[in-house]
Amino acid sequence: MKKVYKAHILFTKEKSKFEAIENGYIAVENGRVTGVSTNLKDLDCDGIDVVDFGNRLLIPAMNDMHVHAPQVHNQGVAMDLELLPWLQNYTFPEEMKYADVQYAERMYRRFIHTQWLFGTMRSVVFGTIHTESTRKLMNLYKEAGMGALVGKVAMNRNCPEGLSEEVEAAVEGNEQLIAEFNDPDALVRPIITPRFVPSCTPELLKACGELAKKYHLPVQSHLSENTSEIAWVAELEKESTCYGDAYNRYGLFGQTPTIMAHCVWTSGEELELMKHNNVMVAHCPTSNFNLSSGLAPVRSFLDEGLRVGLGSDISGGHELNMLRMIVYAIQVSKMHYQHDHSNRFLTLSEAFWIATKSAGSFFGKVGSFEPGYEFDALVIDDAVLYPNEYSLQERLERFIYVGDDRQIIHRFCRGEVVREPVVF
């Protein structure tokens with residue numbers, strides 16, 4: 001069934017500029033965009049009622065490319081610690097609670113509701129080692145009508161006993177979820193998720209790589225986030241030439257679609273390996289600030305041709321608003337610019353493109369309003385921000401910098417209206 005919406009439409013076909021269509025029309029059929037125009041006659045929509053959003057903005061929905069759903073309770077807590085003590089003292093104790101499925105459901109409902117508030121319609125998500133709680137998280141995403149790649153976390157060393165799982169049990173739990181959710185066209189699918197090299201033995205990493213290959217599943221993990229972590233990986237994986245190679249040797253670095261969070265210190269051989277294997281970077285600026293990890297060189301990644309998306313990384317990051325991640329990504333690039341003026345900082349269109357079309361490419365044709373793209377969209381009523389004083393692009397910029405969830409009045413995922421999820 002074809003639907004037509006009218007609004008002020010903004011999106012980024014290319015990272016260098018916005019497409020800004022004043023009083024434009026967008027046609028959607030079977031969840032995908034069929035055309036965008038200022039002239040309704042161009043869209044072959046005779047006899048179809050137009051949903052007119054008036055003086056509002058219509059933009060692609062947000063994508064969170066790296067987020068730890070079970071850490072929602074710790075959001076904004078222990079921000080004065082670096083990565084490794086933060087994991088040991090706060091993160092691992094919280095994740096152990098997810099052995100209780102009722103606790104998991106209560107927290108996961110809160111988490112998904114907050115994502116909905118801020119217009120995040122697609123996510124790449126870490127769960128915990130617990131199969132039943134991960135199943136609950138996946139079913140809650142399905143219930144909400146929001147897209148997600150959800151990972152049952154694999155870990156069996158350098159962690160509390162309650163978060164360590166034998167290799168055979170990790171494989172069995174993953175295969176249960178794969179059997180239930182691995183429909184290539186589904187909005188919610190599994191993703192193979194070794195937590196990071198220090199928490200996985202070679203046997204477990206090998207098993208994860210074999211699962212990804214056997215079932216043609218994507219992979220997510222962490223890479224070169226913190227200098228202490230990198231040194232630790234070098235001790236544990238002496239045969240690897242770099243942190244990225246430690247994944248690559250086990251089939252976890254682009255052999256199937258792969259996204260690696262952080263990459264703050266990625267350079268040289270590791271950068272070349274990522275380019276060769278088409279590994280995507282999930283840039284998590286607030287987490288990198290809070291955990292004293294550093295400033296990821298996003299401009300260099302773009303210039304080198306790497307795929308990049310943005311991640312909230314709660315609870316290393318302190319908020320789930322991906323619109324704010326656009327702001328923080330620009331600010332990080334400006335700090336790099338102060339050190340090297342040949343490395344220009346990100347423009348708004350580039351950061352928006354990273355958050356939408358570039359990130360969305362990990363899910364398929366997502367993140368743009370070009371024909372054939374899935375219609376993931378937000379309708380923004382920015383009247384309270386004095387819109388008549390600004391151009392369309394300035395209105396969008398102002399909303400990104402000073403607006404909030406109260407201005408998002410409609411949310412769409414794959415062409416369907418996404419209603420407010422239930423919280424209890």
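No experiment lies behind these values; they were computed from the predicted model shown.
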- Message: Show the nearest heavy-atom pair for residues S333 and L346, with the distance to one decimal.
- Response: OG-N, 2.9 Å

- Query: Any chance the side chains of Y90 and Q71 put a donor and an acceptor closer than 3.5 Å?
  - Reply: no

- Task: Would you mind checking if E374 and R414 are paired as a salt bridge, meaning a charged N to carboxylate O distance below 4.0 Å?
- Result: yes

- Are the charged groups of K213 and E210 less than 4.0 angstrom apart, N to O? no

- Query: Does H341 have its ring centroid less than 6.0 Å away from the ring centroid of H339?
  - Reply: no

- Message: Please check this pair: side chain of H336 against backbone of A296, looking for a donor-acceptor N/O pair closer than 3.5 Å.
- Response: yes

- For the residue pair S123 and Q115, confirm or rule out a side-chain donor-acceptor distance under 3.5 Å. yes

- Query: So, S315 and N74: side-chain donor and acceptor under 3.5 Å apart, yes or no?
  - Reply: no

- Salt bridge check: are R110 and E105 linked by an N-O gap of less than 4.0 Å? no

- Message: Under 3.5 Å, is there a donor on one side chain and an acceptor on the other for Q255 and Y247?
- Response: no

- Item | Flag if over 12 foreign heavy atoms under 6.0 Å of CG, D340 | yes

- Message: Under a 4.0 Å threshold between the charged nitrogen and the carboxylate oxygen, would D382 count as salt-bridged to R56?
- Response: no

- Message: Suppose we screen for ring-ring contact (aromatic ring centres under 6.0 Å, His included). Which residues come up paired with F111, at least two apart in sequence or across chains?
- Response: none

- Quick one: do E270 and S224 satisfy side-chain hydrogen bond (donor to acceptor under 3.5 Å, both in side chains)? Show the steps, please. CA-CA 9 Å; E270 186 169 274; S224 297; 2.7 Å; yes

- Task: Could you tell me how the ring of Y108 sits relative to the ring of Y98: parallel (under 30°), tilted (30 to 60°) or perpendicular (over 60°)?
- Result: tilted

- Task: Using the test salt bridge (Lys or Arg N to Asp or Glu O under 4.0 Å), find all partners of E180 that sit at least two apart in sequence or belong to another chain.
- Result: R135

- Spatial distance of atom CZ (R195) from atom NE2 (H222) [nearest 0.5 Å]: 6.5 Å

- Message: Ignoring hydrogens and geometry beyond distance, is a side-chain donor-acceptor pair present between Y215 and E175 at under 3.5 Å?
- Response: yes

- Task: Answer with yes or no whether the side chains of E420 and H113 bring together a donor and an acceptor at under 3.5 Å.
- Result: yes

- Message: Between K357 and E370, does any NZ, NE, NH1 or NH2 come within less than 4.0 Å of an OD or OE carboxylate oxygen?
- Response: yes

- Is a side-chain donor-acceptor pair under 3.5 Å present for D313 with S287? yes

